[in-house]
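A short worksheet on the structure shown next.
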Protein chains: 2
Amino acid sequence: MSDHTKFDLRDFLPYLLNQAAEMSSLGFQQYYKSQYGMLRTEWRVLFHLGRYGEMTAKDICDRARLHKTKVSRAVSALEARRFLTREQLSHDRRHEQLKLTTSGLRAFDELYLAAQKYDAEIMADFSDQEGEALRKALLKIAEL
Amino acid sequence: MSDHTKFDLRDFLPYLLNQAAEMSSLGFQQYYKSQYGMLRTEWRVLFHLGRYGEMTAKDICDRARLHKTKVSRAVSALEARRFLTREQLSHDRRHEQLKLTTSGLRAFDELYLAAQKYDAEIMADFSDQEGEALRKALLKIAEL
DNA sequence: ACCAGTCAGTTGCAGGTGAAACTAACGCGA
DNA sequence: TCGCGTTAGTTTCACCTGCAACTGACTGGT
């Protein structure tokens, strides 16, 4: 039998990452959920369109590493809330250019600021070097 | 309108944490999923019972930060697979002492070793100091 | 002894999610 | 132009999840 006295659950990186991710996600969730009734995927789609401009659903899938079914449903939800509009491209009607409406942009602006603030709050617990090292390490693990 | 040129999605810690958590979890998932057909919650329950000995479902909820419904279903699944047995405590029949069977222990031993190895593999990308700093930072964010 | 409150654990329900099947549209070779 | 393969996006299905309601068991005040 293996030695059960050394390796603890708190030493297992996937567990640590999940707990930390859950904590930080739940913390920020209140902004987009309570204010706008959004889900996380919808917030991510909104972020992409607001931050990087018009694009297709496929672009969002690739850039945000989201499954196309999630994006499809998030786009429908955001469309129903009048946060974005779709426009089929004439040269290839399979693609739909997604564009935020005025209220979509307004929501994005508020959430974008909140995200920056929230990020800064978490980082406030760390020195600049620690924070930078943390980001780098996470980027490496996420293979982004 | 806010300045959209600075803060990127890759700078947003909850996003980074989620991506890193997803990556590392998917990587380890193959062990308990393909070998034993387990879900993540079942693996965590198995881990607790194997690593810390007999305990009740409530204990697992508290120690693993899992919702009681998840634990309840995971226990049922592990019981169906003959990986654990329940025993009602005579002094309080609401509590059930959970105990791994021989095959449950065997599965735990293998997965426990695999987890240590997997953790070491991830950590191989970092120096000792970096790894230690990463764990500490994650523990702080997770408020464990 | 009673009953209201609480606790461990389960179940029903209403979603969210991924995999796979599907639709519509495009493109390229014959 | 036909047809096969591919692509963007949707839908279906089966499953996991959280919440709330529930069951059965204990507890403490009256």
Side-chain angles (χ1 to χ4, degrees), chain A residues 18-19 21-23 25-27 29-30 32-34 36-46 48-49 54-81 84-99, chain B residues 18-19 21-23 25-27 29-30 32-34 36-46 48-49 54-81 84-99:
Chain A
N18 270 296
Q19 293 292 325
E22 199 174 319
M23 272 292 165
S25 290
L26 281 178
Q29 192 180 20
Q30 67 179 113
Y32 56 77
K33 191 171 186 177
S34 70
Y36 297 99
M38 279 192 220
L39 301 175
R40 199 187 321 178
T41 310
E42 294 164 31
W43 147 242
R44 285 218 199 143
V45 169
L46 184 77
H48 268 75
L49 292 173
E54 304 179 21
M55 59 179 76
T56 69
K58 181 61 162 51
D59 294 332
I60 298 177
C61 291
D62 296 339
R63 301 188 64 148
R65 295 192 161 194
L66 287 170
H67 197 272
K68 59 180 180 175
T69 58
K70 284 173 90 166
V71 172
S72 172
R73 291 186 255 246
V75 166
S76 297
L78 290 171
E79 187 187 28
R81 261 177 226 116
L84 63 78
T85 55
R86 318 187 193 212
E87 184 187 354
Q88 284 198 337
L89 297 183
S90 54
H91 63 82
D92 188 339
R93 281 183 300 169
R94 287 175 305 181
H95 296 68
E96 295 180 325
Q97 196 78 356
L98 304 173
K99 186 180 179 179
Chain B
N18 270 297
Q19 293 293 325
E22 199 174 318
M23 272 292 165
S25 290
L26 281 179
Q29 192 180 19
Q30 68 179 113
Y32 56 79
K33 192 169 188 181
S34 70
Y36 298 99
M38 279 191 221
L39 301 175
R40 198 187 323 178
T41 310
E42 295 164 30
W43 147 243
R44 286 217 198 145
V45 169
L46 184 78
H48 269 75
L49 292 173
E54 303 180 22
M55 60 179 75
T56 69
K58 181 62 161 52
D59 294 332
I60 298 178
C61 291
D62 296 340
R63 300 189 65 151
R65 294 192 163 192
L66 288 170
H67 197 272
K68 61 180 179 175
T69 58
K70 281 173 93 166
V71 172
S72 172
R73 290 185 250 244
V75 167
S76 297
L78 291 172
E79 188 189 26
R81 262 177 225 118
L84 62 79
T85 56
R86 318 188 194 212
E87 184 187 354
Q88 281 200 341
L89 296 183
S90 53
H91 63 81
D92 189 339
R93 281 183 299 170
R94 287 175 304 181
H95 296 69
E96 294 179 326
Q97 196 76 358
L98 304 173
K99 187 180 178 179

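Lettering of chains follows the sequences in order, A, B, ..., and the numbering in each one begins at 1. The shown structure was predicted, so the numbers you read here are calculated from the model rather than taken from an experiment.
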Between [N] atom [atom2] and [X] atom [atom1], what is the distance in whole Å?
| X | N | atom1 | atom2 | answer |
| --- | --- | --- | --- | --- |
| A:I60 | D:dA8 | CD1 | P | 13 Å |
| A:Q97 | D:dG9 | CD | C1' | 15 Å |
| B:L84 | C:dG9 | CG | P | 12 Å |
| A:D62 | D:dT7 | CG | P | 12 Å |
| B:R44 | D:dT17 | CZ | C1' | 13 Å |
| A:E87 | D:dA8 | CD | P | 18 Å |
| A:D59 | D:dT7 | CG | P | 15 Å |
| A:L66 | C:dG16 | CG | P | 15 Å |

Quick one: does [X]'s side chain get under 4.5 Å of [Y]'s, heavy atoms only?
| X | Y | answer |
| --- | --- | --- |
| A:R44 | B:N18 | yes |
| A:R86 | A:S76 | yes |
| A:E42 | A:R81 | yes |
| A:R40 | A:Y32 | yes |
| B:K70 | B:V45 | no |

| message | Within the 4.0 Å heavy-atom criterion, would you say A:S76 contacts the bases, only the backbone, or no part of the nucleic acid? | response | nothing
5'-most contact on DNA chain D (nearest-nucleotide basis), A:S72 vs B:H91, goes to A:S72
Practice prompt. State plainly whether the residues B:K99 and B:E87 are in salt-bridge range, i.e. N to O under 4.0 Å.
Written response: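 Looking at B:E87 together with B:K99, the answer is no, because their closest N to O distance does not fall below 4.0 Å.
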The contact string for nucleotides 17-25 of chain C, one letter per nucleotide 5' to 3', using protein heavy atoms under 4.0 Å with B, S and - for base, sugar-phosphate only and none, comes out as BBBB----B
